[in-house]
Amino acid sequence: MIIPKIYQANQVEDKWYSHWLKKGYFHSEPDNRKPYTIVIPPPNVTGVLHMGHMLNNTLQDVMIRRARMQGFNACWVPGTDHASIATEAKVLNKLSEKGIKKEDLTRKEFMKHAYEWKDEHGGIILEQLKKLGASCDWDRTKFTMDEDMNESVIDVFIDLFNKGLIYRGVRMVNWDPAAQTAVSDEEVIHKEIESKLYYISYEIENSDEKITIATTRPETILGDTAICVNPNDSRFKHLKNKKAIVPLINRIIPIIFDEYVDMEFGTGALKITPAHDINDYEIGDKHNLETIDILNNDGTLSEDAVLYVGKDRFEVRKEIAKKLKEKGCLIKSEGYTNKVGFSERTDAVIEPKLSMQWFCKMTELSKPALEHVMNDDIKLHPPKFKNTYRHWMENVKDWCVSRQLWWGQRIPAFFYDGNKFVVAKNKELALELAKKENPKITISDLHQDEDVLDTWFSSWLWPISVFDGIRNPKNKEIQYYYPTNDLITGPDILFFWVARMIISGYEYRNKPPFKDVYLTGLVRDKIGRKMSKSLGNSPDPIELMNKYGADGVRVGMLLCAPAGNDLPFDESLCEQGRNFSNKIWNAFRLIKGWEIKDIDQEQASIDGIKWFENKLYHTIKEIDISFSKYRISEALMLTYKLVWDDFCSQYLEIIKPEYQQPIDKETYNKTILFLENILKLLHPFMPFLSEEIWHLIDERKSDIIITKWPEAKSIDKQLINEFNNTMEVVSGIRNIRKEKNIAKKEELDLFVISDKKTKNNFDSIIKKLGNLSSINYTSNKVENSFSFMVKASQYFVPLSENFDKDAEIEKLNKDLNYTTGFLKIVENKLSNKKFVENAPKQLVENEKNKLEDAKEKIRILTEKINSLS
RNA sequence: GGGCGAUUAACUCAGUUGGUUCAGAGUGCCUCCCUUACAAGGAGGAAGUCGGGGGUUCGAGUCCCUCAUUGCCCA
């Protein structure tokens, strides 16, 4: 068989993926095995794969593949999210390119366009996940706007309404003037920006006096309905019961007193615009102030503003400042840094705005969700997120669930007789309810609410609704798969999504939706910036996979991804992943190239096998521990080192036959066995490569994807330590070769003065890796030789020529100095009475041993130096 | 402004209850080697007063206080 020198990822990946699909390995049905379930964080239906998805889904695939191999009934449910704002914005963009505006369309027509868009672009991302190797159960693919999913959402809304947890009301909401919808608090991103603080003076009615306020938003003076000062502020006490005059429009407004006002800030006087600031709104509410809404839904000024009607608020800000200056009302303006809210989806500046919305009461609903995370029924990894979570849950606010959009589940509220409404699954049922109030109502009198529900109002049910557990709470699937095991997602949606799933999980199943939450970091670029389309700093994952292989990219992602830490992504990591693929490939190539013969086994091979067996089982144990702690990158690194250092650099070199010589059967078989185990350990990380080699080793029917995960066995730790000493001896020899420029091919003799305590049973290995002609035990030091020590044993390599006495003495002196210093430290420790009295016995004992060893070493070194000089 | 973290080698990070195995890993860097699986490789090597300052202790990277820098969440 001719095996190429380099692993060709692109030639094997598709083959194996379709093979796995054909065999139905990804598909899961309830049976009598234990389930292991993951639901995917559904990506936006029209989105494309970015690095965050890569990380996320690689992790999920690692977990699910390992669980599958461990014998669980592994089920990974894929799907997509309808992402109401994002998708609707995209559809509208597309339509406006064709010259179509939303106003020109009926709701029905719009939905038709939206579905067309969804059918065209939806699911691209799922196809991309296949390239990554994601072993999702594609038969279970869900979409948050599937018929059954919609029904679950509506059922839940009605249920919560009937429980009195849904209400409708005028509240200050975060208004996105670009998308023209309300958004939730969580969808507002506060950014610090450089702006200006304007000092504007208002005349006091019937007086020559003026009062100056400071504001960052001068355009809102048109909506002012009061000026507020602190009652404790002596500067303003005389203004009680006075009125001020709003500049430009000359509206007369009261001066009110409230302790809310910070006397230190600005001038100590605050303008109050109840319609456009949440704090002003609360003050307005308290003092019964008039509310003047000066903004239209698109962020332009409304009729109520009187001036600048129809102009955008930012333009007005500039113009009004100029105008105020002309009028002498603008005292000054100064640079000021403040925080402004931006829409997560459209990046528009959010306007606080009063509007009629639907809300979900959260206080009671969220109690179990807080409790069960605090008592670790649900564990967050890393645990530092527990604090953040608690803080949020303890201050949870009611959830604004309505959106002024069309793409989504329409709120099942039906209006009649003006503002009266009923909540029901459909118009017919609504009519029945309405008739109880007003028997004369007919179906044509009912009008359904125009708003849709927040996207998260469907995704918070995801772990339940994908198994139809809302509509059919007792069905076999939900009983079997729920609660799911692990949720793997980014920390940016901890509150949007994770917390709410926990809330709904307890409300509707009385059980957590998952047991463990693994929060990844955010993928950043090399210099720490968040990856984003606009910065153009995000590599195309598909291209990366073409370049480095899916396995290479998977490894690259995981190498730098400890839980909860942001990961600075660099393409060179994928390169490392690819190099690793190649390393494994070549190890396989070496083994496969050997001729197998019925010959005697070399001693080095016997010893090497004994050691590696122990090392392997020891590492498996460590890997399992890392997995159990959700330290995935650590598990990968352990595997990486097992393969590269232990298996390739050491084991294979130990058993490798001479050039073009055959290998004995026993060693070969063992080696194949080891390789197979290694491939199994690699499979979750590198599914394609491991499957490919698995089948190249041997023609066989079984696939690695469903083989049993190797089990850790008890090991001989002493033997592993001994081997480490052995490798130190080998290093010592290699060092001498390097320092003295001795070719590797030249055989050397080694003399040993053995220290009985550090016995070494691996002479065969030292001989082979050191390329020695002999190892001789002696009790006398060897003249004219280079030497080194491992523990308390001395090793000599005699060399008649090239012997540099002075250099040798210098080296020995260096060692002597170090050891003398070390001895001093130990002596100090032991002469400290308090240490000897208080420290554990074992520790003191060890220190005493160290003391003896150091003394012995010094004795030997001194002797050597004396004999040389 | 409030809350929660972080600060360990050039970079990215480990470091469990203070004490053998504590100053580590990977990458990068330096030296030598195209040697017969792999140059996408091999062998060897250098590199850190564990952010600063105090404290507790026989003993602190680890616990406490404080300052600095920095990130995230919330207002």
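As a basis for the values below, the full set of heavy atoms in this structure was taken, side chains included, without hydrogen atoms, waters or symmetry mates. Below, chains carry the letters A, B, ... as their sequence lines are ordered, and counting in each starts from 1. Since the structure is predicted, the reported quantities are computational estimates derived from the model, not experimental observations.
- Picking from B/rG45, B/rA37, B/rA25 the nucleotide with the shortest atom distance to the side chain of A/Lys641 gives B/rA25.
- Following rounding to the nearest Å, A/Met393 (CE) and B/rC74 (P) show an atom-to-atom distance of 14 Å.
- With C1' as the reference atom, B/rG61 and B/rU16 are 14 Å apart, rounded to whole Å.
- Side-chain polar atoms of A/Tyr651 and A/Thr671 form a donor-acceptor pair below 3.5 angstrom.
- The environment of A/Lys621 atom NZ is sparse: at most 12 non-hydrogen atoms of other residues, nucleotides or ligands sit within 6.0 angstrom.
- Where A/Ile6 and A/Arg734 meet RNA chain B, the nucleotide closest to each residue was compared, and A/Ile6 sits on the side nearer the 5' end.
- As rounded to whole Å, 16 Å separates atom P of B/rC38 from atom CD1 of A/Ile584.
- Comparing the C1' positions of B/rG51 and B/rG5 gives a spacing of 15 Å, expressed to the nearest Å.
- Ion pairing between a basic and an acidic side chain is recognised when a charged N comes within 4.0 Å of a carboxylate O; A/Glu746 and A/Arg737 show no such pairing.
- Nucleotide B/rC73 holds its C1' atom 9 Å from the CG atom of A/Leu494, rounded to whole Å.
- Among the protein residues, A/Tyr640 comes within range of the sugar-phosphate backbone only, with heavy atoms under 4.0 Å from sugar or phosphate atoms but none that close to a base.
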Which atoms of nucleotides 30-36 of chain B (N or O only) lie under 3.5 Å from a protein N or O atom, and what are those distances?
from   : atom 1 : to       : atom 2 : distance (Å)
B/rU31 : O2     : A/Lys738 : NZ     : 2.4

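- The separation of B/rU56 from B/rG18, taken at their C1' atoms, amounts to 11 Å, rounded to a whole angstrom.
- Note that CZ of A/Phe688 and CD1 of A/Ile693 are 14.0 Å apart. Values are rounded to the nearest 0.5 Å.
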task: Would you check, one step at a time, whether the test side chain to side chain donor-acceptor pair (under 3.5 Å) holds for A/Tyr668 with A/Glu595?
output: CA-CA 9 Å; A/Tyr668 180 80; A/Glu595 181 196 349; over 6 Å; no
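- The one candidate from A/Asn725, A/Ile733, A/Thr726 that meets the side-chain contact (heavy atoms from CB on, under 4.5 Å) condition with A/Val729 is A/Ile733.
- Taking the six-membered ring where tryptophan is involved, the planes of A/Tyr630 and A/Tyr518 are tilted, since the angle between them lies from 30° to 60°.
- One finds a salt bridge joining A/Asp258 and A/Lys286 here, because a Lys/Arg side-chain nitrogen approaches an Asp/Glu carboxylate oxygen to under 4.0 Å.
- Side-chain proximity of A/Asn735 to B/rU27, B/rG44, B/rC38: nearest is B/rG44.
- A/Trp497 and A/Trp456 have tilted rings, their planes meeting at an angle from 30° to 60° on a 0 to 90° scale.
- One donor-acceptor pair, N or O on each side, does fall under 3.5 Å between the base of B/rA40 and the side chain of A/Arg578.
- To the nearest whole angstrom, the two P atoms, one in B/rC73 and one in B/rA10, are 30 Å apart.
- Note on A/Lys547 versus A/Glu571: salt bridge recorded, some NZ/NE/NH1/NH2 to OD/OE distance being below 4.0 Å.
- The base of B/rA37 lies close enough to the side chain of A/Glu653 for a donor and an acceptor atom to sit less than 3.5 Å apart.
- For B/rC34 and B/rA9, the C1' atoms lie 31 Å apart once the distance is rounded to whole Å.
- Checked options A/Val349, A/Asn174, A/Ile350; the residue passing with A/Ser343 is A/Ile350 (criterion: side-chain contact (heavy atoms from CB on, under 4.5 Å)).
- Between A/Val555 and the options A/Val553, A/Leu559, A/Leu558, A/Asp551, a side-chain contact (heavy atoms from CB on, under 4.5 Å) holds for only A/Leu559.
- If you take atom P in B/rA68 and the same atom in B/rG59, they sit 29 Å apart, rounded to whole Å.
- Nucleic acid contact for A/Lys397: sugar-phosphate only, since backbone atoms but no base atoms lie under 4.0 Å from a heavy atom of the residue.
- Side-chain N/O atoms of A/Ser731 include none lying less than 4.0 angstrom from OP1 or OP2 on B/rA43.
- When each of A/Met637 and A/Trp594 is assigned the nucleotide of RNA chain B with its nearest heavy atom, A/Met637 is the one assigned upstream, toward the 5' end.
- Salt bridge status for A/Arg171 with A/Asp398: absent, with no side-chain N to carboxylate O gap under 4.0 Å.
- The phosphate of B/rG42 has OP1 or OP2 within less than 4.0 Å of a side-chain N or O from A/Trp644.
- One atom, CZ of A/Phe495, and another, P of B/rC73, lie 9 Å apart when rounded to the nearest Å.
- Rounded to an integer number of Å, the gap from CG of A/Leu652 to P of B/rC38 is 13 Å.
- When distances run from any side-chain atom of A/Ala587 to the nucleotides B/rU27, B/rA37, B/rG42, the shortest one goes to B/rA37.
- Look at the C1' atom in both B/rG15 and B/rC63: the space between them is 16 Å, to the nearest Å.
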message: Using a 4.0 Å heavy-atom cut-off to protein, can you give one letter per nucleotide of nucleotides 15-22 of chain B, 5' to 3': B if the base is in contact, S if only the sugar-phosphate is, - if neither?
response: SB--BBS-
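- Between A/Asn586 and B/rA40, a side-chain N or O to OP1/OP2 separation shorter than 4.0 Å is absent.
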query: Could you spell out the base pairing of RNA chain B in dot-bracket, with Watson-Crick or G-U pairs whose two distances are under 3.5 Å, [ ] crossing and | to another strand?
result: (((((((..((((.....[....)))).(((((.......))))).....(((((..]....)))))))))))).
Output one line per pair: protein atom, nucleotide atom from nucleotides 2-7 of chain B, and distance, for all N/O pairs under 3.5 Å.
from  : atom 1 : to       : atom 2 : distance (Å)
B/rC4 : O3'    : A/Asn387 : ND2    : 2.8
B/rG5 : OP1    : A/Asn387 : ND2    : 3.1

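- Legend: residues meeting salt bridge (charged side-chain N to carboxylate O under 4.0 Å, His left out) with A/Glu692, ordered by chain and number and at least two apart, are A/Lys15.
- Here A/Ser572 lies out of heavy-atom contact (under 4.0 Å) with every strand.
- The line from CD1 of A/Ile655 to CD1 of A/Ile609 is 7.0 Å long, rounded to the nearest 0.5 Å.
- Distance noted for atom C1' between B/rU8 and B/rA60: 14 Å (whole Å).
- Note on A/Lys583: a side-chain N or O is less than 4.0 Å away from OP1 or OP2 of B/rG42.
- Here A/Asp624 pairs with A/Arg66 under the salt bridge (charged side-chain N to carboxylate O under 4.0 Å, His left out) rule; sequence neighbours left out.
- Look at CG on A/Leu573: it is 11 Å from P on B/rC13, rounded to the nearest Å.
- Within 6.0 Å of atom CD in A/Glu394, more than 12 heavy atoms from other residues, nucleotides or ligands are found, so the atom counts as buried in its surroundings.
- A sub-4.0 Å separation between OP1 or OP2 of B/rC74 and a side-chain N or O of A/Tyr389 is absent.
- The separation between A/Phe569 atom CZ and B/rU12 atom C1' is 13 Å, rounded to whole Å.
- Going from atom CD of A/Gln650 over to atom P of B/rG42 covers 12 Å, rounded to whole Å.
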